[in-house]
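A quick write-up on the structure given underneath.
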Amino acid sequence: MVQNKSFSGRLGKFAIYTFVLISGLVCLLPLCNIVAISFSSSEAVAANAVGLVPINFTTDAYSMIVEDKQFWRSFGISVQRVILSLIVNMIIIVLMAYPLSKSKRQFKGRNIYMNLIIFAMLFNGGMIPTYLVVKNLGLLNTIWSLVLPGAVQVFSIILIMNFFIGVPKSLEEAALMDGANPFQVLMKVYIPISLPALATVALFSIVGNWNDFFSGLIYMTKVSNYPLMTYIQSLSINIQELLKAGANASVLENVAAVSNRNLNAAKIVISTIPLLLIYPMLQKYFITGIVVGSVKE
Amino acid sequence: MKSLQQENAKNIYQKKKSKKMINTGLSYHVMLLPGMIFLFIFTYIPMAGIFMAFQDYVPAKGLLASPFVGLENFSYMFSLPDISKIFRNTIVIALGKIILGTLLAIVFSIILNEIRLKFLKNSIQTIVYLPHFLSWVVLASVVLNMFNLDGSVNQILTFFGFEKMNFLGSNKLFQPLLIGTDVWKEFGFNSIVYLAAITGVDPGLHEASSIDGANWWKRIWHITLPGMLPIILLLAILSLPNILNAGFDQVYTLYTPMVYETGDILDTYVYRIGLIGREYSFGTAVGLFKSIIGMVLILSANNAAKKYTDRKLF
């Protein structure tokens, strides 16, 4: 009886560890596959021979990217966009979250603003009217078309507002006694105390802007203005078409297209590196942000 | 004399105070101004653009001079055989993602919580959260490499004696592919909240029940799951409004005309017909229809959440 119990206990443990390890591998292996492809020769990729280790190891794809002017141009546009968006988003987030964290009594008109913001979260004009506004403002093909339409991040504002509400009132009162004005209170009291929460929304902004390809797709009419993700997406279309339309394998032998596959994989690997660099921070702050701030009691 | 002075001082003090109050209020308005301007330009003006849905909008004439057609765009929309198909695709794909994604995240969090080796647990978490942070542009390439006709998945299938499957080109397999790969991308990240909920369950309950002889299954079923129920319920309610968001990025990066039949969703349809095809009015009408249903769903979800779980979104 006792033996039986410990046997099933061990079996259960084995099953649990197997399940968790498999989940991990299922997430990791497809990504390893892309890295392996990026370091393999075109012929090996064309023959679909690449699994988890590179076949005929070569860095040709990467040397080709070094020469690819448009890739680095798009990379630069994405970096520029992430930085500008981060600045604009953060300024607007703290400036809006602070007054909104006041009660209706402390700040007359607070609820009007709040309702306007919530309505903007609930309802929007949709893709086409927004596109036309950006177009009529003459923002098409400028970096600002990637920054300004997303300037007001409502979700982040509400998250930081809730965080500000939790800041002890005595801190603010003390600062006001010393003759500080609301701007100074925000700068000297609220922002320093909320750095972890602000890090969370900063990371939302960075990841969202880096990964977004749709704004580039609709607001940029020239490939030379594409941010990185839009550029990579526009390249992979041709290959996708070939791959998918090629119900017969012979199309896949089309070396011209397939030799692009390792090049494309290398581009994807490089485009992911900036996110991997901040990944430790992402893990730390996203998780607290998700658990603490997403819903209010 | 003295009292007059006092009175005076008091008056001045109060004036100062009320002036300060006004200044404070003014500062608050000033702080909100930049954000409100952007909100007005990029959210509220486009709302006015919704008027296009009731027009036959001609870009050269603009919003004011384009002819008014009433509900024509909407009746046209409902007369299209495509539209019910697109609604069906959207809802099936979105519901599939919500239901399977939630179930897998719950199961994963329960099982991960059993892992006692801290190092292993942390490593697995690091790995399974990663796909969440990657763009669908990146993951589409990954999916393409795995699922093309000669990709790894088909190699595995043929190894075990199955036939090759054309995941990306078959109308039967495309929806499962979308649902499966989205669940793959998000299950780890979605498990974070559930993991937090499990940690919140009183360990004393587990101890007591194992003394009473309850086995692992019984403890999961009678203690852990009921402990997680409020958060499961809350997230289920709040995910309801997403049934019209089947995921533009994913579908757009993976679909081809071959799978429009089952893969085309509302957002991709509006983009293709409305924006690329320049049917601005029609595209806006379809978008408006979606926005309205979305808004009703969010409001109902928020009310339901308030009613059943004492929490709310806003």
Side-chain angles (χ1 to χ4, degrees), chain A residues 12 16 19-20 23-24 27-28 30-31 33-34 37 48 92 95-96 98-99 107-108 113 118 120 122-133 148-149 151-152 181-183 207 211 213 218 229 232-233 236 240-241 243-244 247 249 252 264 268 271-272 275 282-283 287 290-291 295 297, chain B residues 24-25 27-28 31-32 34-35 38-39 42-43 45-47 49-50 52 108 111-112 114-115 124 126-131 133-135 137-138 141-142 144-146 148-150 152 166 168-169 188 192-193 196 216 253 256 258 270-271 274-275 280 283-284 287-288 291 295 298 311 313-314:
Chain A
I16 281 170
F19 176 88
V20 168
S23 316
C27 286
L28 194 61
L31 305 179
N33 181 238
I34 281 279
I37 286 174
N48 282 296
I92 289 182
L95 281 183
M96 294 187 90
Y98 174 61
F107 173 33
K108 286 203 181 70
Y113 286 110
I118 284 176
L122 292 180
F123 190 75
N124 59 67
M127 194 186 291
I128 291 166
T130 312
Y131 165 80
L132 290 175
V133 166
L148 299 183
V152 183
N181 64 39
F183 284 95
V207 175
N211 282 342
F213 73 97
I218 61 174
M229 287 302 162
I232 292 177
Q233 154 67 20
S236 53
Q240 270 186 43
E241 230 79 287
L243 278 175
K244 284 186 262 178
L252 293 182
N264 197 41
I268 277 175
S271 77
T272 308
L275 287 183
L282 286 176
Q283 239 192 319
I287 293 168
I290 290 297
V291 176
V295 276
E297 299 246 0
Chain B
T24 312
S27 312
Y28 290 159
M31 284 176 179
L32 285 162
F38 283 118
L39 205 63
F42 293 105
T43 309
I45 293 182
M47 285 183 199
I50 283 169
M52 279 192 313
F108 181 75
I111 290 180
L112 188 69
E114 296 296 317
I115 302 280
I124 294 287
T126 304
I127 294 169
V128 297
Y129 297 163
L130 183 60
F133 295 103
L134 302 180
S135 161
V137 173
V138 168
S141 276
V142 175
L144 231 63
N145 273 309
M146 301 299 294
N148 76 57
L149 265 186
D150 295 296
S152 315
N166 188 4
L168 295 149
I192 293 173
V193 184
W216 187 75
T253 47
T256 47
M258 284 168 78
V270 171
Y271 172 73
L275 207 61
Y280 290 148
T284 307
L288 175 63
S291 287
M295 186 170 73
I298 295 181
R311 286 166 185 238
L313 259 184
F314 46 83

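Since we're looking at a predicted model, the values are computed, not measured. The sequence lines fix the lettering, A, B, ..., with proteins before strands; numbering per chain opens at 1.
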Of all heavy-atom pairs between [X] and [Y], which one has the smallest distance, and what is that distance?
X         : Y         : value
Met295(B) : Phe123(A) : SD-CB, 3.8 Å
Thr24(B)  : Pro182(A) : CG2-CG, 3.7 Å
Met229(A) : Val137(B) : O-CG1, 3.6 Å
Thr130(A) : Phe42(B)  : CG2-O, 4.2 Å
Leu134(B) : Thr272(A) : CD2-CG2, 3.4 Å

Residue, of [options], that accumulates the most heavy atom pairs under 4.5 Å with chain A:
options                                   : answer
Ile115(B), Leu112(B), Ile50(B)            : Ile115(B)
Ile127(B), Val270(B), Leu288(B)           : Ile127(B)
Tyr280(B), Phe133(B), Phe38(B), Tyr129(B) : Phe133(B)
Ile45(B), Leu39(B), Thr43(B)              : Leu39(B)
Ser152(B), Pro34(B), Pro131(B), Ser141(B) : Ser141(B)

In terms of heavy-atom proximity below 4.5 Å to chain B, should [X] be classed as side chain, backbone, both, or neither?
X         : value
Leu148(A) : both
Val20(A)  : both
Tyr131(A) : side chain
Leu95(A)  : both
Phe213(A) : side chain

- Within the side chain of Asn33(A), is there an N or O that forms a donor-acceptor pair under 3.5 Å with the backbone of Val142(B)? no

Return the option, out of [options], with the maximum number of heavy-atom pairs under 4.5 Å with chain B.
options                                  : answer
Pro99(A), Gly125(A), Pro30(A)            : Pro99(A)
Leu28(A), Val207(A), Ile268(A), Leu31(A) : Ile268(A)
Pro149(A), Gly24(A), Ala151(A)           : Pro149(A)

- Between Ser291(B) and Asn124(A), is any pair of side-chain heavy atoms under 4.5 Å apart?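 Yes, close enough: below the 4.5 Å cut-off.
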
To the nearest 0.5 Å, what is the distance between [atom1] on [X] and [atom2] on [Y]?
X         : Y         : atom1 : atom2 : result
Met31(B)  : Phe107(A) : CE    : CZ    : 9.5 Å
Leu275(B) : Ile218(A) : CG    : CD1   : 6.0 Å
Thr284(B) : Leu132(A) : OG1   : CG    : 7.0 Å
Thr126(B) : Gln283(A) : OG1   : CD    : 4.0 Å
Phe19(A)  : Ile111(B) : CZ    : CD1   : 4.5 Å

- Task: State which residues pass ring pair (Phe, Tyr, Trp, His ring centres under 6.0 Å) with Tyr271(B); sequence neighbours excluded, sorted by chain then number.
- Result: Phe214(A), Phe248(B), Tyr252(B)

- Task: Name the orientation class of the two ring planes belonging to Tyr28(B) and Tyr98(A) (parallel below 30°, tilted from 30 to 60°, perpendicular beyond 60°).
- Result: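 Perpendicular: the ring planes of Tyr28(B) and Tyr98(A) meet at over 60°.
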
- Query: Is chain A contacted by the side chain of Ile124(B), its backbone, both, or neither, given a heavy-atom distance below 4.5 Å?
  - Reply: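 Side chain of Ile124(B) only, per the 4.5 Å heavy-atom cut-off to chain A.
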
- Task: Measure Met52(B) against the heavy atoms of chain A and call it side chain, backbone, both or neither at under 4.5 Å.
- Result: side chain

- Apply side chain to side chain contact (heavy atoms under 4.5 Å, CB included) to the pair Cys27(A) and Leu130(B), showing each step before the final yes or no. CA-CA 8 Å; Cys27(A) 286; Leu130(B) 183 60; over 6 Å; no

